[in-house]
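In what follows, chains are A, B, ... by sequence order, proteins preceding strands, each numbered from 1.
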Protein chains: 2
Amino acid sequence: MNAMLTSSQRQLLRAISESGPLSRTEMAQMLGLSKAAMSGIARDLIDLGVLHETEIVYGQGRPSVLLDLHPECAFFVGISLLEDPAPMILSDLNGKIIARQAMPLSRDPKVIAEAITEGLPSLLEAHPDAKEKLSGIGVALSGFVDESQANCVKSTLLGWQDVPLAKIIRERSGIETFIENDAKAVAVSEKLFGSAREIQNFSVVSLGDGIGCAHFIDGRLYRGNHGGAGEIAHCTIEPGGSPCRCGKRGCLDTVASMKAIKEMSRAEGLECTSLSDIENEASTGNAAAIRILHRAGSALGLAIANLIQMNDPGLILITHVEGSFEGLFGTVVNQAIETNVLPRYAGQTPIRIKRVDGDVWARGAAGIAAHNFLIGSSY
Amino acid sequence: MNAMLTSSQRQLLRAISESGPLSRTEMAQMLGLSKAAMSGIARDLIDLGVLHETEIVYGQGRPSVLLDLHPECAFFVGISLLEDPAPMILSDLNGKIIARQAMPLSRDPKVIAEAITEGLPSLLEAHPDAKEKLSGIGVALSGFVDESQANCVKSTLLGWQDVPLAKIIRERSGIETFIENDAKAVAVSEKLFGSAREIQNFSVVSLGDGIGCAHFIDGRLYRGNHGGAGEIAHCTIEPGGSPCRCGKRGCLDTVASMKAIKEMSRAEGLECTSLSDIENEASTGNAAAIRILHRAGSALGLAIANLIQMNDPGLILITHVEGSFEGLFGTVVNQAIETNVLPRYAGQTPIRIKRVDGDVWARGAAGIAAHNFLIGSSY
DNA sequence: ACACTAAGTTTAGAAAATGAACAAATCAAC
DNA sequence: GTTGATTTGTTCATTTTCTAAACTTAGTGT
């Protein structure tokens with residue numbers, strides 16, 4: 001239903017998704033079109049149910065009517081293949097989670113497609129609206145995804161190589177489907193729904209068991225030439241350091257991922273099962289805990305500083321699941337960023353910390369579907 | 001004369017500049033237009049003298065006529081403010097250098113504009129064609145330049161802050177003028193004239209007294225949020241290492257720039273004035289020379305590896321003025337890249353080495369002018 | 001010489017934009 | 001209140017840009 005949007009219509013949707021509600025006149029200025037053209041485009045999109053009039057702003061002269069996306073004009077399903085059971089959520093066009101369930105994870109694409117298809121009815125059960133207007137499925141996974149957001153080029157976690165997962169799910173479920181790398185999916189959903197809406201250049205660093213990263217450049221997700229842009233986890237931070245499961249040494253992942261921090265704690269004989277535990281130990285003066293947090297924080301900070309130097313993003317968004325950035329770890333990270341960035345730049349790149357819950361990945365996946373619905377893959 | 005090109009015409013020029021000569025049918029496919037539309041666009045551009053028919057390719061059916069940019073349809077002047085005297089070159093639309101001279105360098109923008117204007121007649125003297133079709137001036141400088149390629153936000157070397165250099169030169173000379181950071185200018189000219197024409201994502205690392213770097217992403221120069229994308233020289237490579245003039249420690253610049261290499265040699269008591277000298281010493285077994293080249297090479301390699309991990313470019317183009325990459329330095333660089341890149345990726349990112357002469361910067365500057373003539377700043 | 005093939009052009013007409021005039025909805029001022 | 005100023009948004013005739021389909025052109029293969 002959505003494939004036949006004009007290029008201008010798409011541009012408009014993109015603009016609104018970036019800046020929030022706009023009057024027709026503002027839209028016209030933004031896209032460089034005449035008021036006349038804008039009027040027609042807006043009317044069409046309102047008729048389609050994608051836009052609707054919201055606020056009326058009074059000023060001098062005729063008041064302007066703000067148009068915004070109609071959040072209930074389309075619904076999306078997002079699935080994360082990062083955990084077992086795999087979270088599965090239903091979201092609207094604002095990224096609001098409307099329903100949530102889980103499905104069994106599998107390594108067999110066909111079984112996944114089957115599980116998704118079977119899970120849909122119950123996910124949509126209490127939401128007849130959503131059932132009718134379900135416009136896309138998004139899947140987040142750990143691995144490399146191609147430009148078309150259809151094929152998984154390689155996933156070590158899932159043991160895949162060149163798996164056309166999107167096609168398989170699409171064929172089984174009958175719903176438009178797109179897949180994406182986990183960190184990239186989060187970046188897209190932050191651009192669409194989150195705190196980076198209006199920012200054209202930013203990077204997301206997602207801190208969890210592993211470390212993920214993705215870049216938005218000139219308002220678009222930058223996937224890299226082999227889909228590997230943002231593989232910050234395997235930047236060498238401690239040359240000659242500990243061996244990494246990737247085969248080389250001293251990767252950021254071996255020092256600053258939650259998994260690494262926990263392993264280091266265990267090796268030091270600390271009985272810690274979470275970042276908060278270690279932070280607690282450190283705050284009571286435990287030297288080992290302090291050392292570990294220092295090492296991890298400096299490494300992450302250095303990597304982020306290098307990212308800033310390299311790409312000069314307008315925002316670094318650090319998402320983390322566990323613990324908080326209020327403690328020693330966060331302080332060290334910030335310090336390390338400051339000391340490793342060109343002094344002239346220090347403090348010029350906003351660092352935003354965002355604590356996220358277990359829905360991040362599924363929500364990100366839904367964002368991929370929403371992005372394809374709204375804007376499409378090309379400009 | 002050139003400001004009123006259609007968006008389609010610009011797209012076409014971009015496509016040809018990327019892929020070389022194309023038949024009308026190929027063009028139509030590339031831009032997603034009908035043959036009919038293409039026919040008209042091509043005719044207009046031929047009438048304007050921008051395109052011309054070159055080769056005829058015989059196959060089955062009617063032979064196709066390849067169209068290419070007419071290299072003599074426009075000429076550009078490029079000036080490098082990196083040296084004194086400042087090189088000044090005249091180039092055609094292929095980047096071919098047609099004439100060359102020098103002008104005195106100054107820190108006063110007005111004096112620069114004056115020198116350029118006064119230098120033009122003699123530069124153009126033997127080329128009446130070029131005089132008539134001079135379509136732009138480009139200026140390369142060390143520092144930060146804003147998005148519009150008109151204002152120098154900051155240049156430590158020139159002691160500038162917010163200098164509207166392009167406007168000053170434009171007003172004095174009457175010629176359309178654009179300025180750009182040195183490394184970024186080289187990247188643009190490599191994209192336009194050089195070895196990265198068909199590549200959408202690549203980074204240029206320019207090795208000279210200092211180290212410069214610039215990224216092309218999705219076919220466009222990526223300037224970064226503050227114009228600082230590519231400041232690889234001040235990535236921290238040796239945490240806690242030697243102090244850098246930027247104020248922090250262990251920057252790549254303090255270890256791998258030609259200046260740093262020479263300084264380290266002097267500190268070690270080597271009587272070397274060029275990279276070749278040090279390479280020679282190393283090849284005869286001089287331990288200090290070997291150590292220096294190892295240290296510099298590993299640092300540069302690590303930085304490039306981090307760049308690859310971070311941005312997954314389709315090509316790294318290393319330009320260097322002095323010496324060669326055949327010796328120890330080059331070997332170490334390559335080795336360090338290999339060992340610090342995800343093993344799966346190793347060798348996947350082509351590294352191209354290009355020895356350049358003293359014209360690089362001026363040629364890059366001319367490329368900026370040519371790029372603005374052909375494609376304009378926006379898409 | 002004959003069909004066959006593919007490139008490029010022509011034509012009429014659809015699609016998408018513009019510009020200028022106009023209608024609508026408010027504020028401000030008397 | 002009525003009037004004027006002001007700005008939004010619409011209408012409509014016109015222009016620009018692109019398309020589809022038929023046609024012309026210039027070759028190859030048999």
Check nucleotides 1-4 of chain C for protein N or O atoms closer than 3.5 Å to its own N or O atoms and list the pairs.
none

Open item on the list: For a quick check of understanding: with a heavy-atom distance under 4.0 Å over all strands, which category does A:S34 fall into, base, sugar-phosphate or nothing?
Closed with: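 Base: the residue A:S34, judged by heavy atoms under 4.0 Å, touches a nucleobase.
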TODO: Could you check whether A:G40 gets within reach of a base, just the sugar-phosphate, or nothing at all, counting any heavy atom under 4.0 Å?
DONE: nothing
- [ ] Please state whether the base of C:dA6 and the side chain of B:R62 form at least one donor-acceptor pair under 3.5 Å?
- [x] no
Rounded to whole Å, please give me the gap between [atom1] in [X] and [atom2] in [N].
X: B:R24; N: C:dA7; atom1: CZ; atom2: P; answer: 12 Å
X: B:M27; N: C:dT9; atom1: CE; atom2: P; answer: 11 Å
X: B:Q9; N: D:dT16; atom1: CD; atom2: C1'; answer: 12 Å
X: B:Q29; N: C:dA7; atom1: CD; atom2: P; answer: 8 Å
X: B:L33; N: D:dA20; atom1: CG; atom2: P; answer: 11 Å
X: B:L31; N: D:dT19; atom1: CG; atom2: C1'; answer: 15 Å
X: B:E53; N: D:dA26; atom1: CD; atom2: P; answer: 12 Å
X: B:R10; N: D:dT17; atom1: CZ; atom2: C1'; answer: 17 Å

Task: From CA spacing to verdict: salt bridge (Lys or Arg N to Asp or Glu O under 4.0 Å), A:R197, A:E190 - done: CA-CA 7 Å; A:R197 283 178 63 163; A:E190 287 298 327; over 6 Å; no
Open item on the list: For B:F216, run the side-chain contact (heavy atoms from CB on, under 4.5 Å) check against B:V188, B:L315, B:N201, B:L317 and tell me which one passes.
Closed with: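 It is B:V188; the other options fail the test.
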TODO: Begin with the C-alpha distance, continue with both residues' side-chain angles, and end with the deciding distance and a verdict on side-chain hydrogen bond (donor to acceptor under 3.5 Å, both in side chains) for A:D146 and A:N151.
DONE: CA-CA 6 Å; A:D146 76 349; A:N151 306 303; 2.8 Å; yes
Could you verify whether a donor N or O on one side chain and an acceptor N or O on the other, from [X] and [Y], lie under 3.5 Å apart?
X: B:Q11; Y: B:S8; value: no
X: A:S135; Y: A:E176; value: no
X: B:Q149; Y: B:N372; value: yes

- [ ] Decide salt bridge (Lys or Arg N to Asp or Glu O under 4.0 Å) for B:E180 and B:R223; before the verdict, give the C-alpha distance in whole Å, the side-chain angles of both, and the deciding distance to 0.1 Å.
- [x] CA-CA 10 Å; B:E180 191 49 277; B:R223 183 172 283 99; 2.3 Å; yes
I want to verify a distance call: between [options], whose nearest atom is closest to the [X] side chain?
X: A:S39; options: D:dG9, D:dA21, C:dG8; answer: D:dG9
X: B:I41; options: D:dG29, D:dC18, C:dA17; answer: D:dC18
X: B:P63; options: C:dG8, D:dG27, D:dG9; answer: D:dG27
X: B:A36; options: C:dG8, D:dA21, D:dC18; answer: D:dA21
X: B:T25; options: D:dT8, D:dC18, C:dA7; answer: C:dA7
X: A:Q60; options: D:dT7, D:dG29, C:dG8; answer: D:dT7
X: B:A37; options: D:dA20, D:dC18, D:dG9; answer: D:dC18
X: B:K35; options: D:dG9, C:dT9, D:dG27; answer: C:dT9

Task: Most 5' of A:I56 and A:T6 on DNA chain C, judged by nearest nucleotide - done: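 Checking each residue's closest nucleotide, the 5'-ward one belongs to A:T6.
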Task: C:dA16 OP1/OP2 closer than 4.0 Å to side-chain N/O of A:S8 - done: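 No, outside the criterion.
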- [ ] Determine: side-chain N/O of B:R43 to OP1/OP2 of C:dG8, distance under 4.0 Å, yes or no.
- [x] no
Open item on the list: Counting only heavy atoms from other residues, nucleotides and ligands, does the tally under 6.0 Å from NZ of A:K133 exceed 12?
Closed with: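 Correct, the count exceeds 12.
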